[in-house]
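Just so it is clear: chains get the letters A, B, ... in the order the sequence lines come, proteins before strands, and each one is counted from 1.
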There are 2 protein chains.
Amino acid sequence: MSRSESSRAQPSQLVGQDAVAVELSAVIVSASPDGPMVLVRQPDAQSPAALPFGPLEPFHRTIEEGLRAWVEELTGYDLGYVEQLYTFGDANRHASARARAGRVLSIGYLALIHEARPRRSQNSNWHSWYRFFPWEDWRNAEPAIMPSIRESIDGWIAEAPRDERKSREERMRLTFGLPDERWNEELVLERYELLYEIGLVPEAHRDGASCWAPREAAIMAADSLHADHRRILATGISRLRGKIKYRPVVFELMPPRFTFLQLQRTVEALAGVELHKPNFRRLVEHQGLVEETGAVTSKTGGRPARLLRFRREILVERPASGIGLPPLRQRSTSRR
Amino acid sequence: MSRSESSRAQPSQLVGQDAVAVELSAVIVSASPDGPMVLVRQPDAQSPAALPFGPLEPFHRTIEEGLRAWVEELTGYDLGYVEQLYTFGDANRHASARARAGRVLSIGYLALIHEARPRRSQNSNWHSWYRFFPWEDWRNAEPAIMPSIRESIDGWIAEAPRDERKSREERMRLTFGLPDERWNEELVLERYELLYEIGLVPEAHRDGASCWAPREAAIMAADSLHADHRRILATGISRLRGKIKYRPVVFELMPPRFTFLQLQRTVEALAGVELHKPNFRRLVEHQGLVEETGAVTSKTGGRPARLLRFRREILVERPASGIGLPPLRQRSTSRR
DNA sequence: TCATATATACTCAATGTTAGTCTAACTGGA
DNA sequence: TCCAGTTAGACTAACATTGAGTATATATGA
C-alpha cells in the first residue's frame, strides 16, 4: 500500500494488474423421481468430476451469456432459468491457482431445467445431489452418516482450547442443530464449510488447508469435486432451498403437468425434509400457484389424481409467492 | 467455438485468456437521523462521484480482504459487517472497459457501519441514498418525482409496438406498483433497470445504450455515479431491504444503546415506508431481539424512553430472525 | 369383494397479524 | 401551577394463517 491514493483509484489503473482467470461454473439442477439431480461432468478417467465450467471469454457479451455458451457446448443443454450465485476467489482453494500462483475467480451460477431432454455429451451425467452431501437428506430419517459426523465434531470440540470451546459448540449447534435445536435445511454451505475446516472432507487436505482431522478421517461417503465445485454446489443448494419459499421456482423443475403429490415430493426432495400433505395442498391452492388442466392420471396407484399446471400469470401477479416450508418458520421466543 | 471440447474444459486452459480487470466496489451504509447514508468519493472535481473502489490485487488473499483493504486506504474506515452483492460484467456498462476494449468485472459488496467514527479522507462524504434514488422514499408521501416518472413510462408504453405493449404495462405495474398494485420496496434494482432501459437516467446515454427517451429527458433529480456504481448501489439497497426482514442486520447500523422509536425510524428509513408503531414494538420484543439496559433517556421529547441494546445472543440462538416489515407480507389470493 | 393405496376434503385449536384505542410520563409555555 | 403538546408504551378485537389431525372418495389387485 505504498502508491498514492489518487493514482490508484482511477479506472485506468485497473489495466496493469496481473492476469486474473475467470471461471464460470454451473450448478444445473433437475428433479427426477429419485430426487434432486445435478449435472456433473467427467471429461476422462484421470480428471476429477466437475460441474460444467469454462473460462469467461472476451467475446462473451455478459457473464451469464458466457455461462450459457459453455453449458451449451459442454452438455448440449439450452438453459432456461439461470441466476448468479456467488464469486469465489480464495487463492488456496483452487488447484490451478496454486499451480500458477495466479488468481482464479470462480463465478458460480444456478440453473434449473426439466430433466426430460436428452443430453448430448457422453461425459455429463445426472447425479443425486445427496451423493455429494449425504448428510443433507433428512426426508425419511436421520442420514446414516450423521453419527460419524457427530462423533468427529464432538472430538473437535473436546480438543478445543478452553477459550474456543464454547464457540465451537455453538457453531455445531447452529449448523447441525444438535442436540436440541431443529434442523435448518438452508445451512448447506455453513455445514460444508465447517466440515472443510475440520478436515472431514477430502478436498480440505487436497487444498493443503490446516485441518484438525487427519487425512484418513476424511473418507466420508461424500464424493468430492474438482476445485471448489463442491462449495459452489453447496451454495446452489442453499440458495435453492431458500428461494423456493418466496419465489415460485420449483415449477422450473416440474413437467408441464403434474399432480399435487409430485409437486410435494419435489419440494421435499429439494429441501431434504418431509411436509404435511394437507397443509401443503392448502398452501399451494391458496396462493393461486396452480390451476387444473381438467385431466387426471391413474398412474399414481390409488385414486386418480388431478393433473395441474403452473399458473404463469402468478409471476406477474405476485412474483414473491413461494412454497413456504413450515419447518423454517420462526419460533417466537417471548422474553418479556 | 471451434476448439475441441476436451481441450477447453481443463483448468490449465484458463491461463491464456485476455486480461480481465477486477474492480471491487463497496456500498457502505450507515444510518443517521436524516436517513440512510451511503459513502461516496469524489477524488477531484473532474472525476464523477463514485463508490469507494479499487482493483483486486494479487496480494489480496481473498476478495473480501481486498475490498476491506481498499476501503481502509481510501476512506479510513475499518469495516465490520460485509457481504458480497453481485458480480457485474456487462461490457458496455463500464467506461474503462469500453475505452480499452477489455473486460471489467465489477464485484459489489455491501458493508454496514455505525456512522459515529470520523472519516479520514477529505474525498469521502456521506449522502442520503435517496439522493441517488429519489423515487424510493415513500415514508411521508409519494415522492415528488413520481408523477414525471409515471408520465415518461406511460409514454414509453404508449409508443410500444402492439405485441410488446402488454409486457411493458406489466413491467411497470410490477416495479412501480401503479396504478392499483402496492409498492414493493425491495424492487430497487428492477426499477432502476427499467429507468435505465427507457433512458431516463443519464448513465444510459453515457453508456451509449439504445434508449427510448432522448438524452434531454434524462435529467431527473437523481445524480449519477461513476461506471455502474448506481446499479451496484441499487443492488445493495435491494439486498438490505430484503435482509432486514429475516436477519437482524439493522443493529449493525444502530448505536450501542437506542430507543424503540430510533430503531423503528431506522428500519423505516431503510425500507422507505412507514410502519405501525405498536406492531413494530411487539414484533421486536417478541422476537427477543433487544433487551433493556435499565437506563432511560429524556432527549426524545415526551415521556422518557427506555434505552435498549441488541441481544447479540440472538445471532447464535436464531440467526434467521429479522424485523419483518408488514407491507411485504403476501396477500392470499384464493382461487377455488 | 375386500384389503390397500393414494387422492382429496374437512375440522379445530393455536398462533400471528392488522389496525386500532387508551393511558403514562415527560417538557415548555401561558 | 396547570394545560397543551409530545412521545412512550400497554392493551384489544377482528381477522388470517398455521399445524396437526381425521374422514371420505376412487382407484388397483388379490
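The listed nucleotides are D:dA10, D:dA8, D:dT18; the one nearest the side chain of B:T259 is D:dA8. Listed nucleotides C:dA7, D:dT7, D:dT18 differ in distance to A:A305; the shortest reach to its side chain belongs to C:dA7. Here the nucleotide nearest the side chain of B:K277, chosen from C:dA9, D:dT7, D:dA10, is D:dT7.
Partners of B:E291 by side-chain hydrogen bond (donor to acceptor under 3.5 Å, both in side chains), not counting sequence neighbours, listed by chain and number: B:R309. For A:R306, the side-chain hydrogen bond (donor to acceptor under 3.5 Å, both in side chains) partners are A:E292, not counting sequence neighbours.
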Tabulate atom names and distances for all N/O pairs under 3.5 angstrom spanning the protein and nucleotides 20-22 of chain C.
residue	atom	partner	partner atom	Å
C:dG20	N7	B:H276	NE2	2.8

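Between B:F258 and B:F251, the ring planes lie tilted relative to each other; the angle falls in the 30° to 60° range. In this pair, B:F133 and B:Y192 present their aromatic rings perpendicular. The plane angle is above 60°, beyond the 30 to 60° band.
In this model, the phosphate group of C:dA5 is not approached by any side-chain N or O of A:R303 to a distance below 4.0 Å at OP1 or OP2.
Both tests pass for A:R191 against the ring of A:W183: distance under 6.0 Å to the centre and angle within 45° of the axis.
Between A:Y109 and A:Q84, the side chains place a donor N or O and an acceptor N or O closer than 3.5 Å (distance only, hydrogens not considered).
Looking at which nucleotide of DNA chain D each of B:R281 and A:S298 is closest to, the 5′-most match is held by B:R281.
Evaluation of atom-type donor-acceptor distances gives a pair under 3.5 Å for the side chain of A:R282 against the base of D:dG19.
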